[in-house]
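Have a look at the structure below before the remarks.
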Amino acid sequence: REKITSTEIVLAFPLDESLNAKTDNKFNIFAFLPVRNYGFRFIIQADFLLTSNREDLYKDREWNKNIRDNISKAFFSAIESFKNDESLKYSYYSYLPEENEISDSFFEIVTEGIYEVVKNNNSIFTEGNNWKYPKDTVFVDDLFRDVISNKDLISFFNKEYISNKIIAKKSILKKLGVSDLSKENLFEFLKNRSEER
């Protein structure tokens, strides 16, 4: 935009009474006033250029594309705050859009960008109280945890269990790259253990 070289993107994340991520609603995007709902579970406020009736934003303007392409960076900045919050570090994953949840193709790139920044950073809290890349973590039911400890998982598979306090859908965790420990993994571990003895 003429004579304007920067702008601000503000994201607002609703909380429930327990101060966990509240994601049962989808919110409007704002350009100082509400524009319309595109399917996000958090609020996006930015200086978008809007159509004359204010019911949508221009999809072909570079200004709007640049704002859109930087929403994932703003989300990553928010993650750094979530990590220091005793509730959100377990529940922020629910803010991530699920497949086909975003209702406008213009914003699909935001979903891809958010998943990329979460995948490629230490963004999953583990049983060992560490922050790890999703690909280096595993989710399992309690049966596996009783057989293979977190310490064994690290030494044998070079992975850690995600914290059992994490509140997230399996579909989101899988899309991030968190793996599911299989029965084959369990048999492999038990076989290796018996051979060591």
Taking the side chain from [X] and the backbone from [Y], do they hold a donor-acceptor pair closer than 3.5 Å?
X: S18; Y: N20; value: no
X: R36; Y: I29; value: no
X: D16; Y: L19; value: yes
X: N64; Y: L49; value: yes
X: S123; Y: N121; value: yes
X: N28; Y: V35; value: no

Determine, using the 4.5 Å side-chain heavy-atom cutoff (strictly less than), whether [X] and [Y] are members of one ILVMFWY cluster.
X: F156; Y: V138; answer: yes
X: I43; Y: L15; answer: no
X: Y93; Y: L11; answer: yes
X: F27; Y: V110; answer: no
X: F157; Y: I154; answer: no

Note, [X] side chain near [Y] side chain (heavy atom, < 4.5 Å):
X: I79; Y: Y92; answer: yes
X: R68; Y: I109; answer: yes
X: T137; Y: I162; answer: yes
X: L50; Y: E55; answer: no

Inset, instruction - For the residue pair F107 and F48, categorise the inter-ring angle as parallel (less than 30°), tilted (30 to 60°) or perpendicular (more than 60°). - result: perpendicular

Legend entry - Parallel, tilted or perpendicular, as decided by the 30° and 60° cut-offs, for the rings of Y95 and F42: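 It falls in the perpendicular class, over 60°.
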
Inset, instruction - Dump the intermediate steps for side chain to side chain donor-acceptor pair (under 3.5 Å) on Y38 and D56, then the final yes or no. - result: CA-CA 10 Å; Y38 293 91; D56 206 349; 2.4 Å; yes

Legend entry - Evaluation steps, side-chain contact (heavy atoms from CB on, under 4.5 Å), between K26 and E101: CA-CA 10 Å; K26 295 178 182 177; E101 203 166 43; 3.2 Å; yes

Inset, instruction - For residues 74-83, pull every pair meeting salt bridge (Lys or Arg N to Asp or Glu O under 4.0 Å), keeping only residues two or more places apart or in separate chains. - result: E80-K83

List the atom of [X], the atom of [Y], and the distance in Å for their closest heavy-atom pair.
X: S94; Y: T23; result: O-CG2, 3.4 Å
X: V118; Y: L176; result: CG1-CD2, 3.5 Å
X: G113; Y: S72; result: C-CB, 3.4 Å
X: L173; Y: I124; result: CD2-CD1, 4.4 Å
X: A21; Y: L88; result: N-CD2, 3.7 Å
X: F13; Y: A78; result: CE1-CB, 3.6 Å

Legend entry - Inter-residue atom distance E86.CD - K165.NZ, 0.5 Å rounding: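 Nearest 0.5 Å value for the CD-NZ distance: 7.5 Å.
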
Legend entry - Point-to-point distance, once rounded to the nearest 0.5 Å, from NZ of K174 to OG of S179: 10.0 Å

Between [X] and [Y], is NZ or CZ placed under 6.0 angstrom from the six-membered ring centre and within 45° of the ring axis?
X: K170; Y: F139; result: no
X: K89; Y: F82; result: no
X: K135; Y: Y133; result: yes

Legend entry - Evaluation steps, side-chain contact (heavy atoms from CB on, under 4.5 Å), between I114 and F76: CA-CA 7 Å; I114 287 172; F76 176 67; over 6 Å; no

Salt-bridged, [X] to [Y], with N to O below 4.0 Å?
X: D24; Y: R41; answer: no
X: K175; Y: E99; answer: no
X: K65; Y: D60; answer: no

Legend entry - N158, CG atom: more than 12 neighbouring heavy atoms under 6.0 Å: no

Inset, instruction - Please report the C-alpha distance between T51 and N53 in whole Å, then the side-chain angles of each, then the deciding distance to 0.1 Å, and finally whether the side chain to side chain donor-acceptor pair (under 3.5 Å) criterion is met. - result: CA-CA 6 Å; T51 56; N53 61 9; 2.8 Å; yes

Legend entry - N129 and F125: CA distance, side-chain angles, deciding distance, side-chain contact (heavy atoms from CB on, under 4.5 Å) verdict: CA-CA 6 Å; N129 297 321; F125 196 60; 3.6 Å; yes

Does a side chain donor of either [X] or [Y] reach within less than 3.5 Å of an acceptor in the other side chain?
X: N130; Y: E160; answer: yes
X: N120; Y: Y115; answer: no
X: S149; Y: D152; answer: yes

Legend entry - Candidate pair F32 and D47, rule side-chain contact (heavy atoms from CB on, under 4.5 Å), full reasoning: CA-CA 7 Å; F32 305 104; D47 186 17; 3.6 Å; yes

Legend entry - Trace of the salt bridge (charged side-chain N to carboxylate O under 4.0 Å, His left out) decision for K169 with E98: CA-CA 9 Å; K169 290 185 178 178; E98 294 186 66; 2.8 Å; yes

